[in-house]
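Only one structure is covered here, and it is reproduced in the block below.
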Amino acid sequence: MEKSYYDPKDLKKFGDISEFEPNLAKKFFNWYGDVFKEGELSEREKSLIALAVSHAVKCPYCIDAYTEDSLQKGASEAMMMEAVHIAGAIAGGAVLVHGVQMMNKAKKLSM
Amino acid sequence: MIKSLKSSGNKLSEINNQLQILSGYPFNGDLPKFKDKLEPLNQFPLKPSKIEIFQVNVGYMCNQVCKHCHVDAGPDRKEIMSKAYLQLCLDILDETKISTLDITGGAPEMNPHFRWFVESASKLGLKEIIVRSNLTIIRANKKYNDLPEFFKKHKVHVISSLPYFQEGKTDSQRGSGVFSASIEALKSLNGVGYGIENSNLILDLVYNPTGAFLPGNQSQLEKDFKFNLNKNFGIKFNKLFTITNIPISRFLDYLLKSDNYEDYMEKLVTAFNPSAVNGVMCRNTISVDWDGHIYDCDFNQMLDMKVADKSTQHIKDFNLQKLEQRSILTNQHCYGCTAGAGSSCQGTVA
């Protein structure tokens, strides 16, 4: 067992997942590359969305990768923090909206 | 104001210390050598094409002390090209018919012979005279306020650094107050017609990353700069050149102090783009330092790597034919010019 589950150096080895299953990895990386190409959204908008999602899914590799990618694509620190706040707002909202379920149950059980 | 590496006694002011770090000690000993990337492409030794740009560094004195400066320029640098050597440069341009003069520094305007040099060069019928102005010099002192008119009179192509279209990132790299002074200078350049459509007065900006990351897509960043500078300040310019920070001098110092050096070198190597090799600027440019010595590029100049042919290492012995047949000297810092879309004093190359 490694001393830590996360090692920053492992990010550079991401492509190595093809070692155990090359066909699916190839499909994944091709698709991944296409996802981030400029389309209706710019590459920078996609990078900022990826940065927000990285925080929402709590992926330290992704946070490192898309912080640098956002800077590289000309995003300001304020833009990046606004993206993180969006992730936070959605995450917070996702918790709080379950409060309605709690209220429904509580009301059903109560006199 | 911070001091240059040289006057602060920083160990990197000894060129050998920089070369030792670049060679892989104590970091990155296992990174492939730049030479090993060129050999499979049949590009080693790297050879020049036709020399089209004569780049003269007229001195290391500057009114700014930027954190990333590969020249280690600043107010405390006293190296300035003499009038006699500037005249020699003019003689070479006249005799060889090299089409472009590229004047850089430091702040080249601080050379006391700068205006005479530009005026004299403008009489040679060159295709282009480039001045790499840091912008703030125009606002630094009354005696420089008329530089926009002077540039216009001699149809100078102005290329200026502006690392970002907002204050914070710009000032973090180039010093407090640089952004607002740069905006004022850009307005005065626009005021005489620079960067304005159909004026034939060219004002290009240079973006280089404000940290240990590579530049993004040049055309996208150009759109961002044009939109934001116009919206916020009414400023116009022609092109944006993205330039990769080369891991030497003060940028190397920053990389080492911020513990980014190893990762940055790995990024450059990983991003090596074979198709950028053909367009690297050392193939069509020759670089001259304040003391008349000749180099393959401004970066080699800062590493004191004079051109390989010892018979033409000084402008007193300038020999175009020999220089066009020389082998270009390369080292690990050259990965900076071949990463991603490539990098040169004229922006991307691939």
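As a basis for the values below, the full set of heavy atoms in this structure was taken, side chains included, without hydrogen atoms, waters or symmetry mates. Chain naming here is simple, since letters A, B, ... match the order of the sequence lines and numbering starts at 1 in each.
- Remark: A:K12 NZ is packed, more than 12 non-hydrogen atoms of other residues, nucleotides or ligands lying under 6.0 Å away.
- Under a cut-off of 6.0 angstrom, the local environment of CG in B:D259 is sparse, with at most 12 non-hydrogen atoms contributed by other residues, nucleotides or ligands.
- Between A:E68 and B:A212 the shortest heavy-atom distance is OE2-O, 4.3 Å.
- In this structure, the portions of B:L214 lying under 4.5 Å from any heavy atom of chain A include both its backbone and its side chain.
- Other residues, nucleotides and ligands contribute over 12 non-hydrogen atoms within 6.0 Å of the CD atom of A:E21.
- Counted within 6.0 Å of CZ on B:F227, heavy atoms from surrounding residues, nucleotides or ligands total 12 or fewer; the atom is thus considered open.
- The CD atom of B:Q220 sits 5.5 Å away from atom OG of A:S42, with the distance rounded to the nearest 0.5 Å.
- If you measure heavy-atom distances from B:F225 to chain A, you find no contacts under 4.5 Å at all.
- Enclosure of atom CD1 in A:I90 is not indicated, since only 12 or fewer non-hydrogen atoms of other residues, nucleotides or ligands lie within 6.0 angstrom.
- The distance from atom CZ of A:R44 to atom NZ of B:K223, rounded to the nearest 0.5 Å, is 11.5 Å.
- In plain terms, the two heavy atoms of B:L221 and A:Q72 that are nearest each other are CD1-O, 4.5 Å.
- Residue A:S76 comes nearest to B:Q166 through the heavy atom pair CB-OE1, 3.6 Å, listed as atom of the first residue, atom of the second, then distance.
- Neither the backbone nor the side chain of B:P209 comes within contact range of chain A; no heavy atom of the residue lies under 4.5 Å from a heavy atom of that chain.
- Heavy-atom neighbours of B:K33 NZ from other residues, nucleotides or ligands within 6.0 Å: above the threshold of 12.
- Between B:D224 and A:K73 there is no salt bridge, since none of the side-chain N atoms of the basic residue sits less than 4.0 Å from a carboxylate O of the acidic one.
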